[in-house]
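Just so it is clear, the structure is predicted and the values come from calculations on it, not from any experiment.
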Amino acid sequence: MAAARISSVVRSGWTSTKTYVKNVAMDYRDVVYDIADNTGKRPIRAALLATTFFSVAQAFRTRPEKQDYLDALLRGANDLALVAVSSRSQKAVDALLERRVSINTGRLRVMNMLLFSVVVSHPTQSEGCELYSDQCKLLRPPLSSWQNYIVDVGVAGRWLVLERCMEHYDVNEDDL
């Protein structure tokens, strides 16, 4: 008797799940038909919406991560290592050194903003270190100075500030 009761519960659960999935599939089918119908009526609007949707999807898909940033820093350091010390750009050397110090002290963080990434060097907080100055709200830097801590911005698989710093890494500005 218990087995018959369990069997009926499972059967009714399966039936309701099957009905739910069927209804959701029919709803999606109706949406596709409506989109196709509206595309014929308003082709310019449909093209703009499709372009916007795919652009956002591409930006989300190609948003760089923390490992991508570390790889870009390593590539930049390797590029500088291949250039004679007297020919190196001091701007590129300083940029890489500042970022390396932030990484080594645990202050560098990469924040994903859905469509792009932001690299921030926190002025006081280090990962794994719980100092009083890090926890006290009165000792934190003012919120109005947040833009001073942005180190880099990553979009479409590229780090914009780092690329600009490394643009002429093999030309010493002092020799010009």
Side-chain angles (χ1 to χ4, degrees), residues 31-32 35 38-39 42-176:
V31 167
V32 169
I35 289 172
N38 287 336
T39 301
R42 296 180 178 179
I44 294 174
R45 182 174 182 260
L48 287 174
L49 287 174
T51 302
T52 303
F53 173 75
F54 288 116
S55 297
V56 169
Q58 181 68 7
F60 180 77
R61 193 178 69 80
T62 59
R63 173 197 67 215
E65 303 287 336
K66 182 174 184 174
Q67 190 59 46
D68 298 326
Y69 190 68
L70 297 175
D71 292 344
L73 287 176
L74 188 60
R75 276 192 307 275
N78 287 340
D79 289 344
L80 277 177
L82 296 174
V83 176
V85 176
S86 60
S87 298
R88 293 180 186 168
S89 167
Q90 193 60 39
K91 177 182 170 184
V93 171
D94 291 343
L96 288 178
L97 184 63
E98 175 188 337
R99 287 159 174 81
R100 187 51 61 189
V101 167
S102 294
I103 289 171
N104 291 340
T105 57
R107 295 183 297 127
L108 197 75
R109 291 178 177 75
V110 177
M111 300 186 317
N112 293 327
M113 304 292 188
L114 289 179
L115 303 180
F116 60 94
S117 297
V118 177
V119 178
V120 178
S121 179
H122 202 280
T124 58
Q125 293 181 349
S126 296
E127 290 179 10
C129 188
E130 297 181 11
L131 299 175
Y132 177 73
S133 60
D134 295 343
Q135 298 174 10
C136 179
K137 293 180 181 178
L138 299 174
L139 296 176
R140 291 183 185 158
L143 191 59
S144 60
S145 64
W146 64 268
Q147 68 272 13
N148 297 333
Y149 306 119
I150 293 177
V151 176
D152 213 331
V153 177
V155 178
R158 299 173 51 204
W159 296 99
L160 304 179
V161 177
L162 184 62
E163 278 185 8
R164 194 174 319 130
C165 289
M166 295 297 295
E167 194 171 33
H168 298 290
Y169 66 92
D170 56 349
V171 177
N172 190 347
E173 295 91 7
D174 297 336
D175 293 343
L176 297 178

For residues 45-53, which side-chain N or O atoms pair as donor and acceptor with protein atoms under 3.5 Å away, sequence neighbours left out?
{"residue": "Thr51", "atom": "OG1", "partner": "Ala47", "partner atom": "O", "Å": "2.8"}
{"residue": "Thr52", "atom": "OG1", "partner": "Leu48", "partner atom": "O", "Å": "2.8"}

* **Contacts of Glu163 that satisfy side-chain hydrogen bond (donor to acceptor under 3.5 Å, both in side chains) - sequence neighbours left out** =>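 side-chain hydrogen bond (donor to acceptor under 3.5 Å, both in side chains) check on Glu163 returns Arg158.
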* Name all residues meeting the side-chain hydrogen bond (donor to acceptor under 3.5 Å, both in side chains) criterion together with Glu167; count only those two or more places apart in sequence or in a different chain, and write none if there are none. =>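 Glu167 satisfies side-chain hydrogen bond (donor to acceptor under 3.5 Å, both in side chains) with no residue once adjacent residues are dropped.
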Checking [X] now: which residues fulfil side-chain contact (heavy atoms from CB on, under 4.5 Å) with it, not counting sequence neighbours?
| X | value |
| --- | --- |
| Glu65 | Arg63, Asp68, Asn112 |
| Val118 | Met113, Phe116, Val120, Ile150 |
| Gln58 | Arg61, Thr62 |

* **Side-chain donor or acceptor of Ser121 paired with backbone N/O of Ser102 under 3.5 Å** =>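 Side chain of Ser121 to backbone of Ser102: no pair is present.
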* Asked: For residues 94-103, which residue pairs qualify under salt bridge (Lys or Arg N to Asp or Glu O under 4.0 Å), counting only residues two or more places apart or in two chains?
  ->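 Applying salt bridge (Lys or Arg N to Asp or Glu O under 4.0 Å) to every pair that reaches into residues 94-103, excluding sequence neighbours, yields nothing.
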* Interatomic spacing from CE in Met111 to NZ in Lys66 - rounded to 0.5 Å ->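 With rounding to 0.5 Å, CE (Met111) is 12.5 Å from NZ (Lys66).
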* If every non-hydrogen atom of Ala92 is compared with every non-hydrogen atom of Cys165, which pair is closest and at what distance? ->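 Minimum heavy-atom separation between Ala92 and Cys165: CB-O, 3.6 Å.
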* Applying ring pair (Phe, Tyr, Trp, His ring centres under 6.0 Å), name anything that partners Tyr169, two or more places apart in sequence or on another chain. =>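 With neighbours one apart ignored, the set is empty.
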* **Where at least one partner belongs to residues 64-108, residue pairs that pass ring-ring contact (aromatic ring centres under 6.0 Å, His included), sequence neighbours excluded** =>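 Sorted result for residues 64-108: Tyr69-Trp159.
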* List the steps and the verdict of side chain to side chain contact (heavy atoms under 4.5 Å, CB included) for Val119 and Val153. => CA-CA 6 Å; Val119 178; Val153 177; over 6 Å; no
* Sole residue of Leu108, Val161, Val110, Leu162 in side chain to side chain contact (heavy atoms under 4.5 Å, CB included) with Val151 ->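 The option that passes is Leu108.
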Atom pairs and distances, donor-acceptor, side-chain atoms in residues 74-85, under 3.5 Å, two or more places apart:
{"residue": "Asn78", "atom": "ND2", "partner": "Leu74", "partner atom": "O", "Å": "3.4"}

